[in-house]
Each structure stands twice: as structure tokens, then as C-alpha cells.
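When a ligand or atom number is given, it counts from 1 through the structure's own listing order. All values reported here derive from a predicted model rather than from experimental measurement.
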Amino acid sequence: MMHKLSVAELSKGLKNRDFSSVELTQHYLKRIDRSDLNAFITVTEDLALSQAREADSRLTKGDADVLTGIPYSHKDIFCTKGVKTSAGSKILDPFISPYDATLSHKLNMEGMVMLGKTNMDELAMGSSNENSYYGPVKNPWDKKKVPGGSSGGSAAAVAARLSAFATGTDTGGSIRQPASLCGITGLKPTYGRISRYGMIAYASSLDQAGPMTQSAEDAALVLNIMAGFDDKDSTSANKDVPDYTENLNNSIKGLKIGLPKEFFSEGLDDSVAKVILQSIKEFESMGANVEEISLPNSAFAIPTYYIVAPCECSSNLSRLDGVRYGYRCDNPEDLDDLYLRSRSEGFGEEVKRRIMIGTYALSAGYYDAYYLKAQKVRHLISEDFKRAFQKVDVIMGPVSPTPAFGLGAIKDSVSMYLADIYTLSANLAGLPGMSIPAGFSNNLPVGLQMIGNHWSEEVLLNAAHQFQTQTDWHVRLPENI
Ligand code: GLN
């Protein structure tokens with residue numbers, strides 16, 4: 001039953017020596033071994049046990065940090081020294097990282113235990129985890145449904161309690177949407193809050209790492225370790241890291257919540273709308289004030305994002321050329337053949353589609369019409385939020401227009417892109433966003449999205465924690481867990 005405990009509870013249990021980190025790690029490894037969700041690409045059993053032994057010795061000596069000995073899983077987009085780092089792609093399937101991402105290094109320094117690397121949509125492109133080279137992940141609430149993406153493996157692992165928490169990355173919703181579809185808590189911090197060094201780049205001006213946890217309290221504990229300036233990442237913010245657990249218990253009386261009318265229009269599933277409105281009532285009963293707001297440029301988030309992200313990915317992924325590292329085709333005839341076949345054979349369909357769109361949009365004749373235009377609209381989207389945050393503290397709405405959909409149910413890319421309608425704006429504006437479990441629709445979890453102003457993670461975590469002291473959605477578990 002150890003797996004039912006939160007990170008906060010596990011940390012206490014380890015300190016009191018109710019159980020050892022080795023026992024806890026073995027417990028999770030057994031659960032992973034028995035699971036049929038396909039949540040992991042790599043399970044690092046030996047490494048985990050040696051990290052757990054190390055953690056136990058720190059714990060017995062009394063020089064443990066807050067999260068020493070806690071087992072977690074890492075999205076397979078973070079470079080981990082000596083361990084395969086594939087980003088869900090065939091092209092990186094042979095890649096053993098020679099170094100640790102800053103985030104991995106920080107978790108190691110804390111003395112945490114890495115159980116393995118989680119499955120994901122190839123190179124973080126997707127909303128269902130069906131784009132993974134390693135096959136789709138199943139949603140623990142209904143194995144015929146998707147877990148969301150691109151951090152689908154991390155979300156499924158936490159929802160099925162195969163891991164105390166997991167890391168994720170969110171370029172356009174990849175922490176929040178799978179968190180919503182799997183019924184866990186996911187936080188995408190402000191752009192620049194967590195170092196991107198060693199995190200395989202998708203769209204550099206949008207990518208941000210964050211914690212995927214059972215609760216807001218756990219997210220605060222983990223963010224404390226993840227956040228901070230890194231001189232290896234020129235876009236990481238040189239800004240103090242507060243103790244994110246400090247204000248969790250503040251009252252939210254008087255908190256101003258804005259509901260963007262554009263987030264409740266057609267396309268939103270009725271049953272999802274019902275859950276969201278019900279959870280807003282809960283906030284009102286805790287003393288928050290709710291008002292309708294408008295984010296008039298929301299409708300442009302999808303077209304804007306699906307120009308900016310492919311442009312940046314077409315540039316970032318040019319380094320995967322079959323020469324430096326990763327997959328190389330057999331018997332290339334010459335250099336052109338080597339590039340052509342390594343990339344054609346190594347990348348999957350969706351990634352190729354985006355590389356082509358991005359390369360086209362960035363080409364000399366089209367740059368102004370697409371990329372530059374998209375950057376201008378991006379600015380307008382940011383301005384909408386700026387105006388809104390003059391009036392309200394937090395913006396709330398749905399994360400995803402529907403609960404988890406069927407595996408194989410969405411076949412064309414454009415319909416899949418619609419799943420991101422409510423999440424993309426926060427990335428385009430660099431704002432922190434969160435998904436917290438808020439209820440169910442036909443036995444499938446539904447997440448509430450909260451978007452805050454830049455650097456207001458504490459406000460989001462406080463509101464989410466207060467909601468979780470009044471509700472039990474976040475501790476409900478799928479059957480047979
Ligand atoms: N679903 C979006 C996409 O496919 C977002 C992915 C992400 O946040 N990494 O690009």
C-alpha cells in the first residue's frame with residue numbers, strides 16, 4: 001500500500017524509517033513489472049536500487065534532504081547519463097546520453113531514485129501518446145483510451161501509482177492535458193523557471209519542464225527542487241526560488257477568478273463543462289470571487305502555435321542527421337543518401353509533417369507571411385492575458401474539450417490539434433498553468449485548468465491545494481490499483 005502515499009507522506013515515512021528507500025523502490029519496480037500500460041520505455045532497475053541504497057545511507061546518517069529516497073520516473077526527453085534517452089523516437093533509440101540534464105542532476109543531488117524513463121509521443125509531438133516509436137500508452141482508467149500526450153507515460157505511471165511522481169514537459173499542453181485525462185495534478189511553470197539544459201528541444205521558445213504528481217502539495221515539494229537559474233540555459237530566469245510549500249495553507253478568500261467566455265463555447269463537451277462549473281462553485285464556497293472575462297484572440301492559438309512550434313522544431317531537429325549521434329541508415333551511398341535515409345527512416349510521420357511545415361514556413365519567401373505573422377499574433381495573445389491579469393488573479397477553465405478519447409479514434413492530425421485548444425495560449429504567453437483533478441465524466445477523469453500570471457506558481461499551488469483539502473478527486477484511483 002506504500003504506493004498510495006503521496007510524496008509528502010513518503011518523505012515522512014522515509015525519515016521515520018517506517019520503510020527504507022530500497023523497500024519502496026522494490027515495491028514500485030514490482031508494480032512496473034506487473035503493469036501492462038506500456039508507460040515506460042526503459043526501466044532502470046539496477047540504477048534505482050543503487051540510488052536507493054545510497055539514499056538509505058544518507059537517511060540513516062541523518063544527512064538526507066527533503067526528498068531523498070523518493071522514487072520517481074523521468075520523461076524520456078531528459079538526458080540521463082549512461083541511460084538511453086530516446087524522446088520516443090526511433091532516431092534516438094540508440095542514444096545513450098553522455099551527460100545529465102540539469103533537471104536530472106538536481107534530482108540526483110537531492111538523492112532521489114530514478115525508476116525509469118517514461119513513454120511519450122515522438123519528440124513531444126502529439127496529444128495521445130500514439131506517436132511513440134515504442135507504441136501507445138494505455139489510460140489506467142480505461143485501457144481502451146489514450147492517456148493524453150505527449151507526457152502520456154508519465155501521467156499513466158503516476159495515475160496507476162507506478163511511481164511517486166514523474167517529470168513532464170509542456171510545449172503546448174503536454175503536462176496539463178495528460179494530467180487531466182489521467183486524473184493527476186500537473187504543473188507547467190512560467191517559461192524559464194526550470195532549466196531546459198539537457199531537455200531534448202522541441203520548440204525552444206515554448207518548452208518548459210514541470211512536475212506530474214498526485215497533489216498540489218507534492219507539486220510544490222518537487223518544484224522546490226526543479227526550479228532555479230542555470231547558467232547553461234540562456235533562457236532560464238535568474239530569479240529567486242521561493243519555498244513553494246510555504247503558502248499552501250493560505251486562505252483563498254477574496255481570490256479573483258476569471259472565466260474566459262471563449263473557453264466555454266462550442267466544441268466543449270457538456271459533461272466536461274459541468275465538471276468545470278461545479279468545481280468553480282467549490283472555489284466560490286471557499287470565498288473566491290468569480291467573474292467572466294474575455295481572451296478575444298484565443299481562437300488564434302491553434303494556428304499560431306502550429307506555425308511557431310513546427311518552425312522551431314524544424315530548426316532544432318536538423319541536428320539529428322545520422323552523423324553525430326542516433327540512428328544511421330545501413331550502407332549509405334554518399335552523404336546525401338545518408339542524410340536522406342537516416343532521417344526518412346528515423347523520424348515518424350507526425351514529426352516529418354512538422355519538419356516540412358516548419359521548413360516551408362521559414363523559407364525566405366514565406367517567412368513574413370507565416371512565422372513573423374504568427375509571432376505578431378502571439379504578442380496579441382499575450383496582451384489579452386496582460387489585460388485579464390489586471391482584473392483577476394487566476395484564470396480557470398477546462399484543460400481539454402473532452403475526456404480521454406479512444407485509442408485509434410482520432411486519425412487525422414488537424415482533429416488531434418484541436419485537443420490543444422485550451423492549453424496552447426499559456427505556452428504562447430509563457431504563463432504558468434496547472435491541471436488538477438476536478439471530477440469525472442463517464443468514469444473518466446476531468447481536469448480543471450488554472451492559468452496564472454508570470455511567476456505566480458505560488459498562487460496556483462495555493463488555490464489548487466485549498467481545493468484539494470475540500471475535495472477528494474485527486475486521491476481517487478482507477479480500479480485494481
Ligand atoms: N499536443 C501539442 C503538440 O502536439 C503539445 C505537445 C507538447 O506540449 N509537447 O505539439
Side-chain angles (χ1 to χ4, degrees), residues 75-78 86-89 118-132 136-137 146-155 166-182 186-189 191 194 196 199-212 301-314 316-317 347-358 361 374 378 398-402 404-405 410-435 447 449 451:
K75 185 175 182 180
D76 203 23
I77 199 164
F78 294 100
S86 76
S89 182
T118 57
N119 203 341
M120 56 180 284
D121 280 302
E122 182 178 5
L123 294 157
M125 298 178 200
S127 309
S128 69
N129 218 113
E130 292 167 297
N131 294 339
S132 169
V137 175
V146 304
S150 66
S151 314
S154 286
T167 59
T169 61
D170 190 312
T171 303
S174 282
I175 288 177
R176 289 161 288 155
Q177 186 255 14
S180 173
L181 270 44
C182 287
L187 169 65
K188 177 203 100 71
Y191 181 77
I194 296 172
R196 291 186 297 109
M199 185 175 115
I200 292 169
Y202 163 17
S204 310
S205 74
L206 302 162
D207 295 343
Q208 188 54 213
M212 302 181 76
I302 293 183
T304 304
Y305 173 89
Y306 279 99
I307 289 295
V308 173
C311 284
E312 294 185 14
C313 94
S314 73
N316 277 324
L317 300 183
F347 288 128
E349 289 302 303
E350 182 60 28
V351 174
K352 283 184 205 163
R353 181 175 298 117
R354 296 194 194 190
I355 291 174
M356 285 193 282
I357 292 171
R378 183 175 182 178
V399 175
S400 159
T402 64
F405 44 90
I410 299 185
K411 295 204 167 55
D412 68 296
S413 292
V414 175
S415 306
M416 193 67 89
Y417 299 167
L418 296 177
D420 305 331
I421 181 141
Y422 305 125
T423 51
L424 301 174
S425 310
N427 301 79
L428 290 166
L431 298 166
M434 220 174 157
S435 172
Q449 180 168 215
I451 301 173

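Residue-ligand proximity: Y306 is placed with a non-hydrogen atom under 4.0 Å from ligand 1. Contact annotation: Q177 has no heavy atom less than 4.0 Å from any atom of ligand 1. The closest approach between a heavy atom of A309 and any atom of ligand 1 is not below 4.0 Å.
Atom numbering of ligand 1 starts at 1 in the shown order; those under 4.0 Å from a heavy atom of G172 are 5 (C), 7 (C), 8 (O). Under a 4.0 Å criterion applied to the non-hydrogen atoms of D170, ligand 1 contributes the atoms 8 (O). Ligand-side atoms of ligand 1 in range of Y305: 2 (C), 3 (C), 5 (C), 6 (C), 10 (O), range being under 4.0 angstrom from any heavy atom. Atoms of ligand 1 found under 4.0 Å from any heavy atom of M125 (numbered from 1 in listed order, with element): 4 (O). Every atom of ligand 1 is numbered from 1 in the order shown, and the set under 4.0 Å from a heavy atom of A124 is 6 (C), 7 (C), 9 (N).
Without hydrogens or angle criteria, N129 side chain to P147 main chain gives no donor-acceptor distance under 3.5 Å. Judged by distance alone, with hydrogens and angles left aside, the side-chain atoms of T423 form a donor-acceptor pair with the main-chain N or O of G172 at under 3.5 Å. The main-chain N or O of I175 is found under 3.5 Å from a side-chain atom of D170 such that the two form a donor-acceptor pair.
Protein heavy atom at the shortest distance from atom 2 (C) of ligand 1 is D420 OD2, 3.2 Å. Atom 6 (C) of ligand 1 has as its closest protein heavy atom S174 OG, 2.8 Å.
The line from CG of D420 to OG of S425 is 10.5 Å long, rounded to the nearest 0.5 Å. Separation of atoms CG (L424) and OH (Y306) is listed at 6.0 Å; rounding is to 0.5 Å.
Residues I421 and I302 are in side-chain contact: their nearest non-hydrogen atoms beyond the backbone lie under 4.5 Å apart. Residues F347 and E122 form a side-chain contact, since some pair of their non-hydrogen atoms from C-beta on lies under 4.5 Å apart. Counting only heavy atoms from C-beta outward, the side chains of R176 and Q449 approach each other to under 4.5 Å.
Of all the heavy atoms of S150, the ones lying under 4.0 Å from any atom of ligand 1 belong exclusively to the side chain. Both the backbone and the side chain of T171 come within 4.0 Å of ligand 1, judged by heavy-atom distances. Counting heavy atoms under 4.0 Å from ligand 1, residue K75 does not touch it at all. Contact annotation for Y417 and ligand 1: no heavy atom of the residue comes within less than 4.0 Å of the ligand.
The ring-ring contact (aromatic ring centres under 6.0 Å, His included) search around Y305 returns none, not counting sequence neighbours.
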Worked verdict on R354 versus S314 for side chain to side chain donor-acceptor pair (under 3.5 Å): CA-CA 7 Å; R354 296 194 194 190; S314 73; over 6 Å; no
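At a 3.5 angstrom cut-off on N or O pairs, Y202 counts as close to ligand 1. Residue G173 has at least one nitrogen or oxygen atom sitting less than 3.5 Å from a nitrogen or oxygen atom of ligand 1, judged on distance alone. Taking only nitrogen or oxygen atoms, main chain and side chain alike, S127 reaches within less than 3.5 Å of ligand 1. In terms of polar-atom proximity, L424 is not counted as a contact of ligand 1, lacking any N or O under 3.5 Å from an N or O of the ligand.
No donor-acceptor contact under 3.5 angstrom links the side chains of K75 and T167, judged on distance only.
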